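To start, the structure under review is shown below, and the notes come after it.
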Amino acid sequence: METLRIALLGAGTVGSGFVKLLDELRPRFRTLGLEPALSGILVRDPARPRPPWVPRGLLSNDAEQVLRGADVVVELMGGTGRAAGLVESALDQGTPVITANKALLAERWPELKPHALEGLLFYEASVMAGTPVVEPLSGSLRGNRTLELHGILNGSTNYIIGRMEDGLGFSEALEEAQKKGFVEEDPFLDIGGVDAAHKLTILARLTIDPDFEWREVRENTSGIQNLSREQIYAAEEQGKKIRLVASLYPAGGRWRAAVRPVLLPADHPLAQAALSRNALLYRGDAVGEVFISGGGAGSAVTASAVIGDLLRMLEGYPGHPPLPQAVPAPNYQPEPLEEVPV
Ligand code: NAP
Ligand code: HSE
């Protein structure tokens, strides 16, 4: 057996889920002739209480020590600060990186893209957690010209809206989502629509333009922070549901991106994704409509995609490539979605 040395950056909701699943799936790595071993686990505070399966002796705030001799880096820290420097320097040294960090992917793309093209960057967990979208959009769905896509890409806001439909107030629902580990360290990223915008930017680079600008998505983003229960009930009286939807569609001869709360008929496929579930409705010229739905946040749900990427890498597949070249907006008229005034 050869040892596979994994440097793990972060042992929070997703990082601790990764440690647990890695141990449970050890036999699968052995079938590949590999014994996975964590070279270290980078955290801010090694003394903080953690689940019992996280090996305390490996926790450290010394990045150099954690990264030394690693065969692969698994980045589950989040943010565009310290994570950016560590990920970029690992990639510059030719070490593959697996990440769930959509903020980093969206905002530091010029630095990351060359490594994504080299096949060193794996990021299935960054969009819709363990529900596969990055892989199909960087693979089998490439046999299409994309016409439009719409997604519920943020589990926290979908959970909050669902709990408000059950009668909870906004703050109470947010607090519940935080306790379940769905919410980013800065909750504005979720409730302000920024996290969904990060994810939409990643999907745009896989489907329409490898250099789609983060700024262009961010400028057309609004969240649910001002959504009231009254608006949710009024929608229900009209047989509709409010959902935070991230969309990519052609209009006026160019591609548009938008994240905003919309009113959907209650039987719309996207309205069926309940609580922390996510959904993607993709339309391609050849395949027609494709609908993908599943868990969109949480410890094991997200860790499963990180392990999936690790196994994919060990089986010799490259990381997820962006689209090679931008494609012009098609001459296609999408059904408009009804926006909620916020
Ligand atoms: P989290 O619970 O806040 O955990 C973050 C971990 O990173 C903690 O262990 C923290 O250390 C460590 N960390 C953060 N900043 C650090 C720094 N400057 N130096 C050293 N260690 C640092 O976050 P999470 O929910 O697991 O999310 C991790 C990543 O996965 C994020 O990019 C997030 O967007 C993404 N993601 C999350 C979910 C989800 O459902 N939670 C789903 C998909 C993707 P301490 O423990 O010592 O504070
Ligand atoms: N905060 C994110 C969400 C985590 O709620 O969707 C999953 O990416």
Side-chain angles (χ1 to χ4, degrees), residues 7-20 40-51 54 56 58-67 74-87 97-108 123-131 133-134 151-162 173-174 176-200 202 223-224 244 246 259 273 275-279 294-306 309:
L8 176 60
L9 313 183
T13 302
V14 186
S16 62
F18 172 78
V19 174
K20 188 160 189 262
I41 308 177
L42 186 71
V43 290
R44 253 178 315 222
D45 177 7
R48 206 184 120 180
R50 315 213 176 244
V54 176
R56 301 201 69 81
L58 292 179
L59 297 170
S60 166
N61 189 18
D62 179 346
E64 210 180 300
Q65 182 194 324
V66 167
L67 288 159
V74 173
E75 189 273 301
L76 304 171
M77 278 167 71
T80 54
R82 193 177 185 190
L86 297 176
V87 163
V97 172
I98 299 171
T99 182
N101 188 342
K102 50 278 164 140
L104 187 66
L105 289 158
E107 297 188 29
R108 299 290 290 239
Y123 47 99
E124 180 61 66
S126 66
V127 186
M128 283 174 62
T131 302
V133 286
V134 171
I152 293 183
L153 303 182
N154 183 265
S156 302
T157 46
N158 212 48
Y159 183 87
I160 292 168
I161 295 171
L174 169 61
E176 260 192 27
Q178 283 174 310
K179 284 202 183 115
K180 288 181 178 286
F182 302 153
V183 181
E184 300 299 310
E185 194 166 35
D186 174 1
F188 177 76
L189 294 177
D190 293 293
I191 63 175
V194 182
D195 177 77
H198 284 146
K199 293 165 175 165
L200 185 65
I202 295 169
I224 64 155
L244 184 72
V259 176
L275 299 172
S276 64
R277 285 174 76 84
N278 281 185
S299 181
V301 168
T302 310
S304 70
V306 180
D309 274 357

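For ligands, and for the atoms within them, numbers begin at 1 and follow the listed sequence. These numbers come from a predicted model, not from an experiment.
For Met77, heavy-atom contacts with ligand 1 shorter than 4.0 Å involve the backbone as well as the side chain. Here Thr302 has no heavy atoms under 4.0 Å from ligand 2, in either its backbone or its side chain.
When atom types are taken as modelled, the side chain of Ser299 and the backbone of Thr13 share a donor-acceptor pair closer than 3.5 angstrom. Looking at Arg108, its side chain never comes within 3.5 Å of a backbone N or O of Ala103 through a donor-acceptor pair.
Remark: minimum distance from atom 35 (C) of ligand 1 to any protein heavy atom is reached at Ala100 O, 3.4 Å. Gly155 N, 2.7 Å is the protein heavy atom nearest to atom 6 (O) of ligand 2.
Each of the atoms 1 (N), 2 (C), 3 (C), 5 (O) of ligand 2 lies under 4.0 Å from some heavy atom of Asp190. Counting the atoms of ligand 2 from 1 in the order shown, those under 4.0 Å from a heavy atom of Gly296 are 6 (O), 7 (C). Taking every heavy atom of Gly181 and a limit of under 4.0 angstrom, the matching atoms of ligand 1 come to 39 (C), 40 (O), 41 (N). Listed by atom number, the atoms of ligand 1 under 4.0 Å from Ala11 heavy atoms are 6 (C), 8 (C), 9 (O). When each atom of ligand 2 is checked for a heavy atom of Phe182 under 4.0 Å away, the hits are 1 (N), 2 (C), 3 (C), 4 (C), 5 (O). Below 4.0 Å from some heavy atom of Glu184 lie the following atoms of ligand 1, by number and element: 33 (C), 34 (O). Interface of Asp45 with ligand 1, defined as ligand atoms under 4.0 Å from a residue heavy atom, comprises 47 (O). Atoms of ligand 1 found under 4.0 Å from any heavy atom of Thr302, numbered from 1 in the order shown, are 38 (C), 40 (O), 42 (C), 43 (C), 44 (C). Within ligand 2, the atoms closer than 4.0 Å to a non-hydrogen atom of Lys102 are 2 (C), 4 (C), 7 (C), 8 (O), numbered from 1 in the order shown.
For the ligand labelled ligand 1, residue Arg48 lies inside the 4.0 Å heavy-atom shell. Contact annotation: Arg50 has at least one heavy atom less than 4.0 Å from an atom of ligand 1.
For the pair Asp195 and ligand 1, the shortest N or O to N or O distance does not fall below 3.5 Å. Annotation: Val14 places an N or O atom under 3.5 Å from an N or O atom of ligand 1; distance criterion only. Remark: ligand 1 and Ser299 share no N or O pair separated by less than 3.5 Å (distance only, no angle test). Considering backbone and side-chain atoms alike, Gly298 places an N or O below 3.5 Å from some N or O of ligand 1. Not a single N or O atom of Ala297, backbone or side chain, sits closer than 3.5 Å to an N or O atom of ligand 1.
A salt bridge links Glu185 to Arg44: at least one charged side-chain nitrogen sits closer than 4.0 Å to a carboxylate oxygen.
In this structure, Glu184 CD and Ser156 OG are separated by 7.0 Å, a value rounded to the nearest 0.5 Å.
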